[in-house]
Amino acid sequence: MIVKNKMKKILVTGGTGFIGSHTVVELQQNGCEVIIVDNLFNSSADVLEKIGIITGIIPAFEQFDLADPAPTAGFFSRHSDIDGIIHFAAFKAVGESMSKPLGYYRNNVGSLLNIHEGMKKNGIRDIVFSSSCTVYGQPDILPVTETAPIKPAWSPYGNTKQMCEDILRFTTASLPVRAIALRYFNPIGAHDSALIGELPLGVPNNLVPFITQTAIGLRQCLKVFGNDYDTTDGTAIRDYIHVVDIARAHVVAIERMMDEKGKSPLEVFNLGTGKGFTVLEIIQSFERVSGVKLNYEIVDRRPGDVEKVWADTSLANTELGWKAEKEIDEMMLSAWKWEKALSSNRVNGK
Ligand code: WQD
């Protein structure tokens, strides 16, 4: 990315993670120099080499905990040439946050505060923040727009996303900082190279990796959490969006700010497809593209789940000039290709 005839250097925190790694690929393919910071708590450094195979450039990488002020300050004193930041690094499991609230607040909020200190010290102005549709809870009106009321969070995870957006609302009003918060709906799928994708550690919380792990034989049976919702088939509705579409929106967002095209110090955009699918429709899509009959059973609802949510994406479409391009079958096929690649790597001991 050449802005004012200079190649831009972007710090991607959490850049070895699922969405982070796909965003690093898109940034590099858009001519950016990338440096990743990650504590590898929830990801693996193997991703760096895979990114190198995809783009031809292995990104610079430093491992430390951004929630720790000392190494974070040290990093910014060593890197005074960063032009912008895309901040993914956070804990993100809703269920886990219910049992470990303090760790979630300390990590997710603390890391944003430490990054702000670095921005102030180095005069870094632009930050893209990884937010979530979780901030809406169960919207009263669907599709949900960015101006929908933010309801009381249902989990410490969701609360940290709301808190970080509030922090940005005030810091962008009082400091020389500008921010774009991107509210993801349900990111799924994998890069079409099947070299990078979602790497859930342990038993997956999320639907799609559980589907592919069941189909590949790692899990016995998918539990479908409830079929007594007020939907066409009784199962809950979500707005599933391909991770590469999400990644591309981050490139557009950081470029918008560096190109001085932002319309306010803090802008917020929904990143969804605008279409909702039920759990059973996702299963049907998977069976269609994979040819595998999925073993699943209907069980009780999962506490904390909202019934239905999907995005109004018109603001991102018009303001960012960004629109999700991939349809649900392509998303599910890419997730299945990735699961099969993981399986063959396990067999070959890679
Ligand atoms: C999707 C649907 C489940 C697993 C989470 C985070 C959210 C965001 C996206 C980060 C629901 C059902 C799931 C299973 C099932 N992440 N399901 N059986 O909960 O919508 O959102 O990921 O920003 O913050 O909360 O995603 O994939 O867990 O669930 O039936 O084994 O699939 O009930 O209806 P969710 P999910």
Side-chain angles (χ1 to χ4, degrees), residues 14 17-20 22-23 42 87-98 104 108 129-139 142 144 150-151 153-162 164-165 181-189 198 200 202-215 218-243 246 249-250 270-273 276-286 294-311 328 331-332 335:
F18 176 37
I19 303 170
H22 287 80
T23 300
N42 209 4
H87 179 42
F88 292 103
F91 294 153
K92 61 164 187 172
V94 172
E96 183 189 53
S97 75
M98 303 298 274
Y104 269 69
N108 292 7
F129 174 66
S130 166
S131 191
S132 167
C133 64
T134 311
V135 302
Y136 298 117
Q138 176 56 66
L142 288 168
V144 62
I150 300 300
K151 293 189 171 179
W154 288 20
S155 69
Y157 163 76
N159 192 207
T160 64
K161 290 301 180 186
Q162 293 172 339
C164 288
E165 286 195 15
L182 298 176
R183 292 176 180 164
Y184 313 152
F185 283 69
N186 286 54
I188 63 169
E198 194 167 3
V203 180
N205 292 303
N206 293 131
L207 175 66
V208 172
F210 207 109
I211 286 177
T212 56
Q213 288 192 10
T214 302
L218 281 177
R219 308 283 162 210
Q220 278 304 308
C221 173
L222 168 76
K223 290 181 169 48
V224 174
F225 297 135
N227 69 344
D228 57 349
Y229 288 106
D230 176 19
T231 64
T232 49
D233 60 26
T235 60
I237 295 174
R238 294 290 185 277
D239 185 333
Y240 298 91
I241 176 168
H242 199 290
V243 62
I246 292 262
H250 288 73
N270 284 339
L271 294 190
T273 65
F277 287 92
T278 68
V279 174
L280 290 181
E281 286 169 338
I282 294 297
I283 292 171
Q284 287 148 21
S285 169
F286 175 75
L294 193 75
N295 183 25
Y296 69 88
E297 60 173 335
I298 307 288
V299 299
D300 291 340
R301 295 181 177 191
R302 178 173 65 176
D305 273 348
V306 297
E307 177 178 65
K308 43 192 165 188
V309 60
W310 63 93
I328 197 65
M331 297 183 216
M332 295 308 291

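Counting starts at 1 for both ligands and their atoms, following the listed order.
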Where is the nearest protein heavy atom to [atom]: which residue, which atom, and how far?
atom: atom 4 (C) of ligand 1; result: N205 O, 3.4 Å
atom: atom 33 (O) of ligand 1; result: D305 OD2, 2.5 Å
atom: atom 29 (O) of ligand 1; result: R302 NH2, 3.3 Å
atom: atom 6 (C) of ligand 1; result: V94 CG2, 3.8 Å
atom: atom 12 (C) of ligand 1; result: V279 CG2, 3.9 Å
atom: atom 21 (O) of ligand 1; result: N186 ND2, 3.7 Å
atom: atom 23 (O) of ligand 1; result: Y157 OH, 2.7 Å
atom: atom 14 (C) of ligand 1; result: F225 CE1, 3.3 Å

Are any of the side-chain heavy atoms of [X] and [Y] separated by less than 4.5 Å?
X: Y229; Y: D305; result: yes
X: T273; Y: Y240; result: no
X: F286; Y: L207; result: no
X: I188; Y: M332; result: yes

Is ligand 1 under 4.0 Å from a heavy atom in the side chain of [X], in the backbone, in both, or in neither?
X: K92; value: neither
X: T134; value: side chain
X: L222; value: side chain
X: Y184; value: neither
X: Y240; value: side chain

message = Looking at Q220, I want to see if its CD is surrounded by more than 12 non-hydrogen atoms of other residues, nucleotides or ligands under 6.0 Å.
response =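 Open.
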Do [X] side-chain atoms and [Y] backbone N/O form a donor-acceptor pair below 3.5 Å?
X: S155; Y: S97; answer: no
X: Q138; Y: E307; answer: yes
X: Y104; Y: E96; answer: no
X: T214; Y: F210; answer: yes

request  = Take T235 and N227 through the side-chain hydrogen bond (donor to acceptor under 3.5 Å, both in side chains) test and state the conclusion after the steps.
outcome  = CA-CA 4 Å; T235 60; N227 69 344; over 6 Å; no
Contacting atoms of ligand 1, where contact means under 4.0 angstrom from a heavy atom of [X]:
X: A236; result: 34 (O)
X: K223; result: 14 (C), 15 (C), 18 (N), 30 (O), 31 (O)
X: V224; result: 30 (O)

message = Judged on heavy-atom distance to atom 20 (O) of ligand 1, which of K308, R183, R238 sits nearest?
response =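 That would be R238.
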key: Nitrogen or oxygen of S132 less than 3.5 angstrom from that of ligand 1   =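 The answer is yes, given that S132 and ligand 1 share an N or O pair closer than 3.5 Å.
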ask   = Do we see a donor-acceptor contact under 3.5 Å between the side chains of S130 and Y184?
value =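 A donor-acceptor contact under 3.5 Å links the two side chains.
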